[in-house]
Amino acid sequence: MSSLRTLVFFATPAHDCSYLDDREATTMFVDPRAHIDKKLYSQLTSLGFRRSGSHYYRPHCEACNACIPVRLNVNDFRPDRSQRRVLKKNCDLECTLVPAAFSESYYRLYANYVELRHKDGDMYPPSREQFTSFLVEGATDAWFLEMRINGELVALAAVDVLDEGLSAIYTVFDPAFEHRSLGTFAVLWQIEEVRRRSLPHLYLGYWIKQCRKMNYKTRFKPIEALQAGQWRVIDAV
């Protein structure tokens, strides 16, 4: 059984940064041969690691600290006016948590989202193998949040259950329903799910101040950031 004391870590060679132009990045990975159970995964998450499929990683760039792990203490969160509008707009959604697994309907939604929204990203072009390795393989307590309208799947959020909360892994939605702000709704639903489980935290991955695509994370206040080994509330603007 692996523990924080016995884990071995590897660093990748420098490669082009996926988020900031003209910068190189280095990523630290947990040895893929290690057995990561829920307890250890929870500990790694609290130290700023993320999961992508069966890989556990965090940025390890020598000259850059732009990627900041962020989370919400859900008991301190109150939705603002815009977020309340999103909740009202989506009150007709049927939301169900199901075990993470492959299905053609999930993949079609994912592929359509990547094709229309992320042609400039690492996930393009999409494939069934990529979907499975990214969102299905890995954690032992991994779930999909289905969001449906009259039975039609319009959004899917990958969610991991941790000892002290949830980790929001990724959300995709049908771009035809962009006006519903389904990405924001998925986070709001997960906040409420953390509360229903009487747990404290929703982990939102990394925030990069210079990356416009990540601005939505700091709209959930008060946001906590892991800096110098401590989680602290930050005033992100």
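- Rounding to the nearest 0.5 Å places CD of E129 at 4.5 Å from OG of S127.
- Atoms OG and CZ, on S82 and R219 in that order, are 7.5 Å from each other to the nearest 0.5 Å.
- Side-chain atoms of Y106 and E146 include a donor-acceptor pair closer than 3.5 Å.
- Linking Ile, Leu, Val, Met, Phe, Trp and Tyr residues whenever their side-chain heavy atoms come within less than 4.5 Å leaves L4 and V8 in two separate clusters.
- Using a 4.5 Å cut-off on side-chain heavy atoms (C-beta onward), T132 and E137 make contact.
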Show the numbers, then the answer: is there a salt bridge (charged side-chain N to carboxylate O under 4.0 Å, His left out) between R33 and D31? CA-CA 5 Å; R33 296 169 296 183; D31 185 343; 2.9 Å; yes
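- A donor-acceptor contact shorter than 3.5 Å links the side chain of K217 to the backbone of L204.
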Could you give me the CA-CA distance, side-chain angles and deciding distance for F131 and Y110, then say whether ring-ring contact (aromatic ring centres under 6.0 Å, His included) is met? CA-CA 8 Å; F131 174 90; Y110 170 85; 5.2 Å; yes
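- From L135, atom CG reaches atom CD of Q130 across 8.5 Å, with rounding to the nearest 0.5 Å.
- In the hydrophobic clustering of ILVMFWY residues, with side-chain heavy atoms under 4.5 Å counting as a link, F134 and F29 come out apart.
- To the nearest 0.5 Å, atoms CD1 (I208) and CG (N215) are separated by 11.0 Å.
- Ring-centre distance between F102 and F144: not below the 6.0 Å cut-off.
- With D80 contributing its side chain and Q83 its backbone, the two residues share a donor-acceptor pair below 3.5 Å.
- In this structure, K221 NZ and R78 CZ are separated by 15.5 Å, a value rounded to the nearest 0.5 Å.
- The hydrophobic cluster containing V172 also contains Y107, counting ILVMFWY residues as joined when their side-chain heavy atoms lie under 4.5 angstrom apart, directly or transitively.
- When the salt bridge (charged side-chain N to carboxylate O under 4.0 Å, His left out) test is applied to R85, no partner is found at least two apart in sequence or on another chain.
- By the 4.5 Å heavy-atom criterion applied to side chains, F177 and L182 are counted as neighbours.
- Side-chain atoms of N73 do not come within 3.5 Å of backbone N or O of E224 as any donor-acceptor pair.
- Closest non-hydrogen pair, L7 versus S2, comes out as CD2-CB, 3.9 Å.
- Judged as a side chain to side chain donor-acceptor pair (under 3.5 Å), not a single pair has a partner in residues 21-30 (not counting sequence neighbours).
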Intermediate values then yes/no, side-chain contact (heavy atoms from CB on, under 4.5 Å), I223 and D235: CA-CA 8 Å; I223 195 82; D235 183 17; over 6 Å; no
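- Within 6.0 Å of NZ on K38 lie more than 12 heavy atoms contributed by other residues, nucleotides or ligands.
- Put simply, the side chain of F185 reaches to within 4.5 Å of the side chain of C95, judged on heavy atoms.
- Electrostatic pairing of R117 and E178 counts as a salt bridge here, judged by a charged N lying under 4.0 Å from a carboxylate O.
- Put simply, the side chain of N90 gets close to the backbone of V86: a donor and an acceptor are under 3.5 Å apart.
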Ignoring hydrogens and angles, write down the donor-acceptor pairs under 3.5 Å from the side chains of residues 56-64, residues two or more places apart or on other chains.
| from | atom 1 | to | atom 2 | distance (Å) |
| --- | --- | --- | --- | --- |
| R58 | NH1 | L47 | O | 3.0 |

List the atom pairs, with distances to 0.1 Å, where a side-chain N or O of residues 149-171 and a protein N or O form a donor-acceptor pair under 3.5 Å, not counting sequence neighbours.
| from | atom 1 | to | atom 2 | distance (Å) |
| --- | --- | --- | --- | --- |
| D160 | OD1 | R51 | NH2 | 2.9 |
| D160 | OD2 | Y41 | OH | 2.5 |
| D160 | OD2 | R51 | NE | 2.6 |
| D160 | OD2 | R51 | NH2 | 3.2 |
| E164 | OE1 | H201 | ND1 | 2.6 |
| E164 | OE2 | Y203 | OH | 3.2 |
| S167 | OG | R50 | NH1 | 2.8 |

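- M147 places none of its side-chain heavy atoms less than 4.5 Å from the side chain of F173.
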Does the pair F49 and V30 meet the rule for a side-chain contact (heavy atoms from CB on, under 4.5 Å), with working shown? CA-CA 9 Å; F49 281 79; V30 175; 4.0 Å; yes
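- Taking hydrophobic clusters as Ile, Leu, Val, Met, Phe, Trp and Tyr residues chained together by side-chain heavy-atom distances below 4.5 Å, F10 does not share a cluster with I36.
- Y206 and I68 are assigned to two separate hydrophobic clusters, defined by single-linkage of ILVMFWY side chains at heavy-atom distances under 4.5 Å.
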Contacts table for residues 226-234: side-chain donor-acceptor under 3.5 angstrom, sequence neighbours left out:
| from | atom 1 | to | atom 2 | distance (Å) |
| --- | --- | --- | --- | --- |
| W231 | NE1 | S46 | O | 2.9 |
| R232 | NH1 | Q227 | O | 3.0 |

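- Considering every non-hydrogen atom in both C17 and L20, the closest pair reads SG-N, 3.3 Å.
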Show me the donor-acceptor pairs within less than 3.5 Å that the side chains of residues 186-195 make with the rest of the protein, sequence neighbours left out.
| from | atom 1 | to | atom 2 | distance (Å) |
| --- | --- | --- | --- | --- |
| Q190 | NE2 | A186 | O | 3.1 |
| E192 | OE2 | R195 | NH1 | 2.5 |
| E193 | OE1 | R196 | NE | 2.8 |
| E193 | OE1 | R196 | NH2 | 2.9 |
| E193 | OE2 | R197 | NE | 2.8 |
| E193 | OE2 | R197 | NH2 | 3.2 |
| R195 | NE | V74 | O | 3.0 |
| R195 | NH2 | V74 | O | 2.6 |
| R195 | NH2 | F77 | O | 2.5 |

